[in-house]
Amino acid sequence: MVHHSGSIQSFKQQKGMNISKSEITKETSLKPSRRSLPCLAQSYAYSKSLSQSTSLFQATESESQAPTSVTLISADKAEQVDTEENKKDSVLKCSFADLSDFCLALGKDKDYLDESEHANYDRSRLINDFPTKDKPESKTKLSKNDMNYIASSGLLFKDGKKRIDYILVYRKTNIQYDKRNTFEKNLRAEGLMLEKEPAIASPDIMFIKIHIPWDTLCKYAERLNIRMPFRKKCYYTDQRSNSMGSFIINNKDTFFSNATRSRIVYHMLERTKYENGISKVGIQKLITNGSYIAAFPPHEGAYKSNLPIKTHGPQNNRHLLYELWARWGMWYKYQPLDLIRLYFGEKIGLYFAWLGWYTGMLFPAAVVGLCVFFYGLITMNESQVSQEICKASEVFMCPLCDKNCSLQRLNDSCIYAKVTYLFDNGGTVFFAIFMAIWATVFLEFWKRRRSILTYTWDLMEWEEEEETLRPQFEAKYYKMEVVNPITGKPEPHQPSSDKISRLLVSVSGIFFMISLVITAVFAVVVYRLVVMEQFASFKWNFIKQHWQFATSAAAVCINFIIIMLLNLAYEKIAYLLTNLEYPRTESEWENSFALKMFLFQFVNLNSSIFYIAFFLGRFVGHPGKYNKLFNRWRLEECHPSGCLIDLCLQMGVIMFLKQIWNNFMELGYPLIQNWWSRLKIKRGMQDTSIPQWENDWNLQPMNIHGLMDEYLEMVLQFGFTTIFVAAFPLAPLLALLNNIIEIRLDAYKFVTQWRRPLPARATDIGIWLGILEGIGILAVITNAFVIAITSDYIPRFVYEYKYGPCAHHGVQNENCLKGYVNNSLAFFDLSELGMGNSGYCRYRDYRGPPWSSKPYEFTLQYWHILAARLAFIIVFEHLVFGIKSFIAYLIPDVPKGLRERIRREKYLVQEMMYEAELEHLQQERRKSGQPVHHEWP
């Protein structure tokens, strides 16, 4: 185990240690930190009333002092630990960080108390604003009623003493009992205790309750390098010393948190054999082949109580989480991040911390986007372009299809022109720049927030090398071992040639799936071309008049259905490709799988949007010479008001429908399944006293990919919020409203609808941070192209300063966009169509009129606009990237105060090491009769 020692200066004073030269200057003591004293310091993530609640398994201890620094110590033989305090001179061998060996002098010292891994919360602080004063060294014990409740809930073995750390479930009718017997026999050989009990509601279900004893717990905690708080001074000793002291542990049952115990048991389950053979190992394979049907850690109890929490306190941490976090009425409250981390582990705690931070940062983005939208709404009737379109009753647009389309008056597009102005106005460029800067600020400040959380949760020194290898990796490459340069121990190794070949196969599969997405988008495009003439001659007058809108809406719905169907295939293919690569650790597997799922779904969701933004209406040709697909279907043109309305429709529908679908699948589907399970239980039995672990069995399991789906949903939403925000400024507002619901929905789901997920450690959000940074870069490029190509911002700008009435400042008090609509429409002679029509129709393009010397050729204004578009893209990208880089440079990843605190702790650790070595030398001199020096000889 890896431990924390604290209060270094007090060690020196109480033991009579000499002060070194570096300590002549009086030092300013540090404030207690959660890293050095997780039981004392308040969490800044939520209110004090929350930070003083407890679980049934936790004992409230009094603290007489706060440590001022941290020392990382590793004990070799933790299984020999006892609770005696009588041995003043006993020595414990330990390793200090990356130095050599140190030891603990465990003396009888009442000023030092041990701390359990979890933060001790006082329930009385849930009701009162002031803490209750306990007597020194007092410890709250579980009452007899509490023990009866635990036993009745199924949290203990039948003896009422051993707590349940894990649950295995199988069916009695399953014939693979040999594998189960071998597996359970090996588990007992590893030191676990098992107890079987049939289900009450279903006679075919058998539960195996698993308890990990103290000796086994300490042994595997040492193997997994689990860090534990420890308040003892570290002396230097000879590496060959095998003497072992005693930890001062007041309560072995609360020293390790429930999350840590579950994590250790799962580690053992994943590495226990069930048959002869290298690959015949692990509980997951037994679940896959049907030997077991489930394996999960139990919840701490019910999440509801008949007794009010304000008067009787919380029954357990799950009950407390429900009352202060998972209830819908708590949507405006801060999240209890420390309690989430305690109950679900650091990995899930970091997810909710990131989700809360993202939601909070969406507030300014939503406000600015709403202001841009309202600016367009207020000035909509004053827009010169909209006014000219609405008044153009004598201007006829050329037919938009070959057979069933007729001439259309330009003023029929009045409503579309006004709606387009809501999203394409003077604030569009400003908002695009703002969102690019916002994305950078969000990510940079999240890095600072993450550094504070990792320090608070004692994850600063937790490295990837402390992760264990995946059992599948060990079974595949057990014959090829190399020495790990970090640990110095041999471990399985994947040859480079094998790794590259597997990566090539995986990359080929990714490209194949992306090409499949592009094919699906192409099919939707063909559908639009086929049905647009059918809608133009539809019987219903409304659809006939608005056939373009009907075509786009139908295509969006079909595209959404294709997206959801392809997502089902993507998940399975990504899972197969990731397993084919044989990642070394669990985090590498998750990162690889997450990257594939993101690429698949990002292309799946955004390919149709990219088509509408950058290709729709760009290569149609002109009347009399239209480009046709397969020489049969005429390519689709934009609406007379532009293509931006189609882009807004596509984004709005997909974003809205996908959020509704995701919320239903996350909460609605588990609710329905859990309701049906409870209904079957009520029908099959009359006794309602069902133990907790059987209630957990009737809940839905967390999806096999853990938090991947949760992160993926939010990251894709982040892409919608930033990539095409210039075309849809309301996207941040929709994302904010969704996330406010999402936080409580996820909280309710984790606490009430899902079995307790396996707790896991993590220092950050993994590969998702890199993906978010990549989306931020892509957003700058995409918004530059949307403003320059999709919107009419650049054509209006060129007309205003080059071709309009204000071009040469010759006209005063005149609207500079007057005449823009007429200037942006080209002429076409209807007699050239051979349909018996005469006169001229108009179409959106900058081409010469029929009576010019070069009819239907691009005019000089077209090339001016093209040059302006390219110039805008270059200037916009360089300007925004420069601002983003400057902001990222100004905002350090670690706050200055935290950085100084970490350096201060390292300095105190070095001083402690120096003093410990000095005292060791003094003791050696006393034993040999030599004179004692107070400094280094």
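Numbering starts at 1 and runs along the sequence shown. This is a predicted model, so every value here is computed, not measured.
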Handout entry: Distance-minimising heavy-atom pair for Tyr799 and Lys818
Key = OH-O, 2.5 Å
Handout entry: Minimum side-chain heavy-atom gap Leu362-Trp438 below 4.5 Å
Key = yes
Handout entry: Least distance between heavy atoms, Ala726 atom then Asn783 atom
Key = N-OD1, 3.1 Å
Practice task
Decide yes or no for Tyr801 and Cys806: does some side-chain heavy atom of the first lie under 4.5 Å from some side-chain heavy atom of the second?
Solution key: no
Handout entry: Within-4.5 Å side-chain heavy-atom neighbours: Val780 and Phe881
Key = yes
Handout entry: Phe374 side, atom CZ; Thr379 side, atom OG1 - distance, nearest 0.5 Å
Key = 12.5 Å
Exercise for the section: Examine distances only and state if a side-chain atom of Asp764 and a backbone atom of Arg450 form a donor-acceptor pair shorter than 3.5 Å. Expected result: no
Problem - Plane angle bin for Phe423 and Phe728 - parallel if under 30°, tilted between 30 and 60°, otherwise perpendicular - result: tilted
Problem - Euclidean distance, Phe511 CZ relative to Leu516 CG, rounded to 0.5 Å - result: 15.0 Å
Practice task
Run the numbers on Asn381 and Lys418 for side-chain contact (heavy atoms from CB on, under 4.5 Å), then give the verdict.
Solution key: CA-CA 8 Å; Asn381 294 326; Lys418 291 182 178 181; 3.7 Å; yes
Practice task
State, with a plain yes or no, whether a side-chain heavy atom of Phe797 is found less than 4.5 Å away from one of Ile865.
Solution key: no
Problem - Side chain proximity check, Glu388 to Leu817, heavy atoms < 4.5 angstrom - result: no
Problem - Glu713 side chain to Gln717 side chain, donor-acceptor N/O pair below 3.5 angstrom - result: no
Handout entry: Tyr626 atom OH, over 12 foreign heavy atoms within 6.0 Å
Key = yes
Problem - Side chain to side chain, Pro892 and Lys447, heavy atoms closer than 4.5 Å - result: no
Handout entry: Tyr570 and Phe600 aromatic ring geometry - parallel, tilted or perpendicular at 30°/60° bounds
Key = tilted
Practice task
Please name all residues satisfying side chain to side chain contact (heavy atoms under 4.5 Å, CB included) with Lys391, sequence neighbours left out, ordered by chain then number.
Solution key: none
Exercise for the section: Identify the two heavy atoms, one from Arg847 and one from Ala826, that lie closest to each other, and give their separation to 0.1 Å. Expected result: O-CB, 3.8 Å
Problem - Within-4.5 Å side-chain heavy-atom neighbours: Thr721 and Met435 - result: yes
Handout entry: Result of checking Phe858, Tyr862, Tyr856, Phe827 against His622 for ring pair (Phe, Tyr, Trp, His ring centres under 6.0 Å)
Key = Tyr856
Problem - Point-to-point distance, once rounded to the nearest 0.5 Å, from CH2 of Trp331 to CD1 of Ile740 - result: 6.0 Å
Handout entry: Side-chain heavy-atom pair Ile518, Phe522 within 4.5 angstrom cut-off
Key = no
Practice task
State, to 0.1 Å, how close Glu571 and Met597 come at their nearest heavy-atom pair, and which atoms those are.
Solution key: CA-SD, 3.6 Å
Exercise for the section: Indicate whether the side chain of Tyr803 and that of His864 have a donor and an acceptor atom separated by less than 3.5 Å. Expected result: yes
Exercise for the section: Report yes if the distance between the aromatic ring centroids of Phe442 and Trp446 is under 6.0 Å, otherwise no. Expected result: no
Practice task
Indicate the ring-plane relationship of Phe614 and Phe610, choosing parallel, tilted or perpendicular according to the 30° and 60° boundaries.
Solution key: tilted
Exercise for the section: Could you give me the CA-CA distance, side-chain angles and deciding distance for Leu825 and Tyr843, then say whether side-chain contact (heavy atoms from CB on, under 4.5 Å) is met? Expected result: CA-CA 5 Å; Leu825 299 176; Tyr843 61 98; over 6 Å; no
Problem - Shortest non-hydrogen contact from Leu830 toward Leu407 - result: CD1-CD1, 3.9 Å
Handout entry: Between CE on residue Met380 and OG on residue Ser383, distance to nearest 0.5 Å
Key = 9.5 Å
Exercise for the section: Output yes when a side-chain donor or acceptor of Arg842 lies under 3.5 Å from a complementary backbone atom of Asn822, and no otherwise. Expected result: yes
Practice task
Look only at the side chain of Thr782 and the backbone of Ala779, and say whether a donor-acceptor pair between them is shorter than 3.5 Å.
Solution key: no
Exercise for the section: Go through the steps to decide whether Leu772 and Ile765 satisfy the test side-chain contact (heavy atoms from CB on, under 4.5 Å), and finish with yes or no. Expected result: CA-CA 11 Å; Leu772 290 172; Ile765 61 175; 4.2 Å; yes
Handout entry: Test item: Ser852 side-chain N/O and Pro849 main-chain N/O as donor-acceptor pair under 3.5 Å
Key = yes
Exercise for the section: Report yes if the distance between the aromatic ring centroids of Phe718 and Trp768 is under 6.0 Å, otherwise no. Expected result: no
Fill in the blank from the handout: In this structure, CZ of Phe445 is separated from CG of Asp893 (nearest 0.5 Å) by 11.5 Å
Problem - Interatomic distance, Ile723 atom CD1 to Ile777 atom CD1 [nearest 0.5 angstrom] - result: 11.5 Å
Handout entry: Lys596 versus Ser592, side-chain donor and acceptor atoms under 3.5 Å
Key = yes
Exercise for the section: Identify the heavy atoms of Phe724 and Ala613 that sit nearest to each other, and give their distance. Expected result: CE2-CB, 3.8 Å
Handout entry: Asn739 (side chain) donor-acceptor with Thr359 (main chain) under 3.5 angstrom
Key = no
Practice task
Give the intermediate values and the outcome of side-chain contact (heavy atoms from CB on, under 4.5 Å) for residues Asp412 and Met397.
Solution key: CA-CA 10 Å; Asp412 291 343; Met397 301 299 293; over 6 Å; no
